[in-house]
Amino acid sequence: MKHLSVNHLLGIKYLNKSDIDLIFETADHFKEVINRPIKKVPSLRDITIANLFFENSTRTKLSFEIAEKRLSADILNFSAAQSSVKKGETLIDTVNNILSMKVDVIVMRHPNVGAGVFLSKHIDAKIINAGDGTHEHPTQALLDSYSIREKLGNVKGKKVVIIGDILHSRVALSNIFALQLQGAEVKVCGPTTLIPKHIASLGVTVETNLKKALEWCDVANVLRVQNERMDINYFPSTREYTQLFGINQQILDNLDKKIIIMHPGPINRGVEITSDVADSSQSIILNQVENGVAIRMAVIYLLAQQIKR
Ligand code: CP
């Protein structure tokens, strides 16, 4: 049996190409399982997983939860807003209390960069990073690449542009690492104020002209402006942002090819993407969500194989 080279999924930067191939092969199997009339396998009947969400989530939280249920794991769901974190309890105390209940795997979303790495050094459980601040969102990048592979046959050699608020985006960084590991070419496009200064050191090129970026690419991954992470104005107005970087059907119709449109969600319809594009046949946004379940089943399954019983 093949194994992951890592003990936790803390970020794509810790993975190699063989890890991604193994996750995708395993996800292929689970995708077939979840499309059967009986969508459940008994693989993780003796495993307990805690989903710790210190930040809001719809897709990631529900996707992990259903992936765990499909694998027959026992689940604890924790939301910081309704917890004793509000009374001042620290992250380590919170997690150690949860681990005392004999939990094997922690899935954690946290506003602080490196929260997953920190936990992995202090506690004895498998950690899966479900998004740490502006840093990484590894399962999102895996499901994004898996969806490109499903649609185009391969990620290698494909041209992918990530459009929007790159500066505050953990999806962008994890996608850059994942796409490059698989041999894709990556560009970013957005207002210069929302592009990190170090972006060239990641081997990524910048295009500030949306039309040129779309003419170049096979796939456009459109990101939301993360107003909740901004304490200053990075562009004059939402209206101007939409005029310069919003994707609408007219822009796509003027290209001489049909590109694929992706978005990790949540979508701000009418800001970074119009409804007609989000809901069009070029959009694979809901395929991404569907694939997220198979990818998360694969990641949990592969990490759980390492647990000594
Ligand atoms: N893509 C994503 O992380 O969405 P949620 O914030 O709803 O989990």
Side-chain angles (χ1 to χ4, degrees), residues 9-12 23 27 49-70 75 77-82 105-116 127-148 150-151 160 162-179 188 190 194 219-230 247 260-269 271-273 277-279 283-300:
L9 180 63
L10 301 173
I12 300 289
I23 292 167
I49 304 176
N51 300 310
L52 312 189
F53 279 73
F54 293 84
E55 242 189 24
N56 294 344
S57 170
T58 297
R59 277 145 294 273
T60 311
K61 189 167 183 288
L62 293 177
S63 181
F64 268 110
E65 194 174 329
I66 199 149
E68 293 153 5
K69 286 181 173 164
R70 299 284 191 238
I75 304 173
N77 283 318
F78 167 94
S79 175
Q82 285 105 41
V105 180
I106 301 272
V107 173
M108 185 171 73
R109 169 167 290 189
H110 199 279
N112 293 355
V113 169
I127 311 291
I128 301 176
N129 178 5
D132 62 326
T134 57
H135 183 219
E136 280 228 39
H137 191 350
T139 54
Q140 179 70 46
L142 289 166
L143 74 88
D144 287 346
S145 284
Y146 187 80
S147 302
I148 294 171
E150 183 177 70
K151 190 77 185 168
V160 181
I162 305 171
I163 301 168
D165 181 0
I166 314 298
L167 186 67
H168 300 102
S169 175
R170 53 193 174 210
V171 174
L173 189 60
S174 287
N175 260 274
I176 289 166
F177 291 143
L179 290 164
V188 294
L194 289 177
V219 178
N221 197 349
V222 186
L223 304 180
R224 178 176 68 90
V225 174
Q226 300 199 26
N227 289 309
E228 73 277 18
R229 299 195 197 278
M230 296 182 186
I247 311 286
I260 291 169
I261 302 294
M262 303 176 69
H263 195 307
I267 295 173
N268 282 326
R269 288 175 182 258
V271 179
E272 72 272 8
I273 191 166
V277 173
D279 302 332
S283 158
I284 60 165
I285 294 171
L286 292 180
N287 305 73
Q288 292 171 257
V289 178
E290 182 183 341
N291 288 333
V293 178
I295 283 290
R296 290 178 174 119
M297 285 174 81
V299 167
I300 295 165

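As the structure lists them, so they are numbered: ligands from 1, and atoms in each ligand from 1.
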**Message:** Among Ser57, Gly292, Pro264, which one puts a heavy atom closest to atom 8 (O) of ligand 1?
**Reply:** Ser57

**Asked** Would a distance-only check, ignoring hydrogens and angles, find a side-chain to backbone donor-acceptor pair under 3.5 Å from Asp165 to Gln226?
**Response** yes

**Message:** Can a donor-acceptor pair be found, under 3.5 Å and without considering hydrogens, that links the side chain of Arg109 to the backbone of Asn56?
**Reply:** yes

**Asked** Where is the nearest protein heavy atom to atom 4 (O) of ligand 1: which residue, which atom, and how far?
**Response** Arg59 NE, 3.0 Å

**Message:** Using a 4.0 Å cutoff against the non-hydrogen atoms of Gly265, which atoms of ligand 1 qualify?
**Reply:** 1 (N), 2 (C), 4 (O)

**Message:** Main chain of Asp279, side chain of Ser283: is a donor-acceptor contact present, judged purely on distance under 3.5 Å?
**Reply:** no

**Asked** If only atom types and distance count, is the side chain of Asn221 paired as donor or acceptor with the main-chain N or O of Ile162 below 3.5 Å?
**Response** no

**Prompt:** Below 3.5 angstrom, do we get any N/O pair linking Lys61 and ligand 1?
**Reply:** no

**Request:** Look at the side chain of Glu136 and the backbone N and O of Leu173, then say whether any donor-acceptor pair between them is shorter than 3.5 Å.
**Result:** no

**Complete:** Closest to atom 6 (O) of ligand 1 among protein heavy atoms sits Arg109 NH1, 2.9 Å

**Asked** Tell me the salt bridge (Lys or Arg N to Asp or Glu O under 4.0 Å) pairs involving residues 167-179, sequence neighbours left out?
**Response** Glu55-Arg170

**Message:** Tell me whether ligand 1 is touched by Gly131 - counting only heavy atoms on the residue side and a distance under 4.0 Å.
**Reply:** no

**Asked** Numbering the atoms of ligand 1 from 1, which are under 4.0 Å from a heavy atom of Thr58?
**Response** 5 (P), 7 (O), 8 (O)

**Complete:** Of all protein heavy atoms, the one nearest atom 2 (C) of ligand 1 is Thr60 OG1, 3.4 Å

